[in-house]
There are 2 protein chains.
Amino acid sequence: MPNHFTPHAAGDLNYLKSLNRSTILSTVRRYPGLSRADIALRTGLTKATVGSVVNVLGERGWLREGELHARGGGRPGRSLYLDGEQHVMLGAEVGVKGLRVVACNLLGERLASQRLDVSPTMPEETAAMLARLIEALLGDPAIAARSCLGLGVALPGPVAPQAPILRLAPNLGWVDVDFLALLRAELDSPAGVWLLDNEANAAAFGEFYFIQGTPPESIAYLSAGSGIGCGVVSGEHFPVIPRGHQGLVGEIGHTVLVADGAPCHCGNHGCAETLVSGWMLRESLGVAADASLSASLLARLDEPEVSAALARAGRALGLLMLNLHHTLNPSMLILGGSLMRLGAPLVAPALAYFDAHQNDLLRQSQRVPVKVVEDSTFTAACGAAAQVMARAAIEV
Amino acid sequence: MPNHFTPHAAGDLNYLKSLNRSTILSTVRRYPGLSRADIALRTGLTKATVGSVVNVLGERGWLREGELHARGGGRPGRSLYLDGEQHVMLGAEVGVKGLRVVACNLLGERLASQRLDVSPTMPEETAAMLARLIEALLGDPAIAARSCLGLGVALPGPVAPQAPILRLAPNLGWVDVDFLALLRAELDSPAGVWLLDNEANAAAFGEFYFIQGTPPESIAYLSAGSGIGCGVVSGEHFPVIPRGHQGLVGEIGHTVLVADGAPCHCGNHGCAETLVSGWMLRESLGVAADASLSASLLARLDEPEVSAALARAGRALGLLMLNLHHTLNPSMLILGGSLMRLGAPLVAPALAYFDAHQNDLLRQSQRVPVKVVEDSTFTAACGAAAQVMARAAIEV
DNA sequence: CAGGATTAGTTAATGCTATTTACTAACTCT
DNA sequence: AGAGTTAGTAAATAGCATTAACTAATCCTG
């Protein structure tokens with residue numbers, strides 16, 4: 001049944017059309033420069049179907065034709081590309097340490113961005129600040145000249161699957177916030193789709209959506225910042241984020257690793273976040289709330305206490321990666337979040353632990369690739385923009 | 001893209017037709033006795049579409065008409081039911097302690113069953129034994145008189161997502177077994193679909209497929225036997241088992257709960273199975289391989305060592321249930337597997353731990369329902385039969 | 001008990017979809 | 001220049017769900 005994440009019920013011909021349009025778009029996104037005939041071959045659709053869909057997408061400014069193919073024999077095909085000039089999607093992130101706003105084109109390229117390094121307090125106030133950032137972005141003539149497909153917002157907590165509402169953000173102290181409504185009160189534009197999602201989900205979506213070449217079956221984006229989140233995406237042509245009953249799929253930060261262990265922000269004990277997370281490192285190593293965690297700790301690396309704490313946290317992160325493989329089993333793992341700025345002192349022990357503790361089943365198959373995103377400042381915001389594009393593609 | 005689990009690529013009209021047929025079938029399955037008009041209202045399809053699909057399904061022996069509705073005013077509708085008389089599906093399970101075979105009708109009712117309590121040794125030999133059981137079942141005149149939709153087989157290990165092949169069954173000692181091919185060599189009938197899946201996935205599918213009334217968003221079937229497995233199913237009208245890259249989704253038995261803990265069968269250390277599983281209880285409490293674990297332990301409950309071990313294992317099971325909620329987040333949890341025969345000494349501590357350690361997020365929402373299946377002897381086999389039905393419905 | 005109201009279900013026409021088939025277009029090679 | 005080859009388009013076709021108009025079967029009212 002349709003909800004705010006998946007807009008239409010299956011059953012009618014529109015659904016079929018959307019599906020095929022999304023399939024063709026994802027093929028062009030993954031393999032820029034294919035001709036109509038290549039797409040038909042690759043997707044199994046007929047030349048006629050591909051031709052008509054491509055032509056409509058061209059008229060609407062989604063696709064453009066490029067140079068001619070010069071393969072021996074026969075009429076050359078016209079190569080096709082996503083049109084990076086006509087449309088934009090806006091993406092925003094409300095993070096524990098700041099607000100970020102981006103404008104991306106259909107290629108996923110960041111055309112402009114704004115950031116404000118403040119710690120959000122009340123939802124209303126935060127919405128107002130974010131609205132000003134978005135207005136500033138829309139004031140940019142290069143952005144204003146384009147057609148805007150909509151706005152996606154990423155927040156550091158689970159979003160209800162039934163409605164675009166933030167359930168709980170322990171690290172902001174927010175509960176049941178209808179953030180899009182607060183934004184609407186401050187902001188008229190852009191027209192188009194407005195979406196809300198969890199930060200890790202948005203980041204995961206963006207990373208998956210703009211992958212080039214054959215996409216992995218699924219990816220997990222493990223976001224290690226103040227808290228630990230994880231987003232999963234799968235689906236070749238129609239990427240889907242599994243959310244579960246309460247939107248908690250991938251909330252591995254609150255899986256219990258130590259029965260009756262240290263108390264966690266979430267009200268339970270012994271969660272993964274008590275072993276590895278920004279807030280735990282801050283508390284245990286005494287870093288002030290207003291100081292940069294990574295800068296402070298990197299400056300204190302010669303203290304044995306600090307390096308040992310990072311190594312310990314790193315091993316916990318490696319263990320989490322391992323557990324992820326036995327519960328969500330993604331075909332690719334992406335590490336992101338502000339803790340990645342700590343670099344090798346945290347990441348090396350994580351990867352080492354992950355490598356050393358593979359069991360027979362994992363050893364038997366190819367090692368799952370791990371990608372580390374060192375600077376994920378705009379990753380979630382760009383991912384939210386990608387979600388807008390995917391949604392808009394359904395309705396073109 | 002199509003594979004042995006999901007047969008057709010989206011894009012053509014057949015796909016749409018299958019989708020609508022499945023939608024209508026699942027509505028009748030969940031709400032027996034609805035009329036065509038009720039179905040149209042409930043699914044959003046038009047009366048004409050529902051009528052034509054229902055009539056075809058009736059001709060093919062999937063649906064039958066029942067009594068007339070007697071609602072005040074207007075022409076009464078003809079109630080519709082799945083036809084339990086025409087078709088059968090066969091399901092089989094190869095378990096660590098025995099083979100089971102069942103024949104079910106479209107209502108999910110077990111019409112006949114066969115069991116053989118032996119511990120499987122070689123795959124070939126096991127396939128031969130299973131083939132004899134199936135032949136015995138097909139020899140039953142009540143079964144032979146019906147049209148058979150196919151055969152589903154459940155095995156205690158992950159099945160590759162790309163091909164119907166068992167990857168690894170640590171508790172059988174099997175690796176990369178093409179079990180359906182071995183069966184084919186022994187068995188001609190039944191015609192129709194032949195499927196292979198993991199035992200927990202099959203059980204989960206069956207439990208979800210035949211749920212009456214509004215189905216939960218998703219369920220997880222936690223199978224606690226010799227090992228610990230878990231299957232997940234979601235999708236209202238078109239139930240899907242998320243499998244992940246290597247078919248390991250839900251393999252929480254091998255999530256690590258104790259860093260560098262006790263050695264596990266899987267080659268790693270500190271897995272959940274080292275804290276709760278049949279093999280671990282057997283080893284730690286000295287129960288012979290050929291004795292019934294549950295019977296032996298229930299007889300020794302007055303030994304403090306035994307009751308303490310069960311309580312400890314129970315708490316670990318509760319912790320696993322909690323972690324399940326933060327990774328796969330099902331809306332309903334079903335506990336099954338042979339360990340459930342231990343009853344309260346194991347299950348009560350599990351439920352108590354689960355209840356006592358809910359965090360703020362879970363506390364905030366309605367408690368997730370937990371169902372305990374005391375006797376799951378035929379659950380996986382019936383689930384495999386349900387998978388056959390779902391697949392056959394696509395192709396009717 | 002006749003006739004209106006109401007709901008169930010079917011039928012025929014319609015519009016939209018992808019597919020099929022046949023075509024034109026554009027290039028290379030000989 | 002002409003044959004061969006591949007790309008792309010156009011018109012005809014088949015299949016799908018929908019629409020709108022119909023028939024069917026019941027209840028209710030007077």
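First the proteins, then the strands, lettered A, B, ... as listed; each starts at 1.
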Quick one: [X] [atom1] to [N] [atom2], roughly how many Å, whole number?
X        : N       : atom1 : atom2 : result
Leu13(A) : dT19(D) : CG    : P     : 11 Å
Tyr15(A) : dG15(D) : OH    : P     : 22 Å
Arg21(A) : dT17(C) : CZ    : C1'   : 13 Å
Leu19(A) : dA18(C) : CG    : C1'   : 13 Å
Leu80(B) : dG9(C)  : CG    : C1'   : 11 Å
Arg42(B) : dA8(C)  : CZ    : P     : 13 Å
His69(B) : dG9(C)  : NE2   : P     : 8 Å
Leu34(B) : dT7(C)  : CG    : P     : 17 Å

Nucleotide nearest [X] when distance is taken to its side chain, options [options]:
X        : options                   : answer
Thr49(A) : dG8(D), dT19(C), dA24(D)  : dT19(C)
Leu16(B) : dA25(D), dC27(C), dA17(D) : dA17(D)
Ala48(A) : dA25(D), dC27(C), dT19(C) : dT19(C)
Arg78(A) : dT19(C), dT18(D), dG8(D)  : dG8(D)
Lys47(A) : dA18(C), dC27(C), dT9(D)  : dT9(D)

Judged by each residue's nearest nucleotide on DNA chain D, which is more toward the 5′ side, Ala37(A) or Thr46(B)? Ala37(A)
By nearest-heavy-atom nucleotide on DNA chain D, the more 5' of Arg75(A) and Glu65(A) is Arg75(A)
I'd like to know if [X] and [Y] make a salt bridge, using a cut-off of under 4.0 Å between side-chain N and carboxylate O.
X         : Y         : value
Arg36(A)  : Glu65(A)  : yes
Arg243(A) : Asp197(A) : yes
Asp38(A)  : Lys47(A)  : no

Do any side-chain nitrogens or oxygens of [X] fall under 4.0 Å of OP1 or OP2 in [N]?
X        : N       : result
Ser35(A) : dG8(D)  : yes
Asn20(A) : dT17(C) : no
Asn14(B) : dG15(D) : no

Atom pair CD1/CD1 of Ile219(A) and Ile211(A) - distance to nearest 0.5 Å: 5.5 Å
Spatial distance of atom CZ (Arg21(B)) from atom CD (Glu395(B)) [nearest 0.5 Å]: 9.0 Å
Any N or O donor-acceptor pair linking the side chain of Arg36(A) to the base of dA7(D) at under 3.5 Å? no
Position toward the 5' end of DNA chain C (nearest nucleotide), Pro76(A) or Val53(A): Val53(A)
Checking all strands, does Lys17(A) fall into the base, sugar-phosphate, or nothing category for heavy-atom contacts under 4.0 angstrom? sugar-phosphate
How about Gln366(B): does its CD atom have over 12 heavy atoms from other parts shown lying under 6.0 Å from it? no
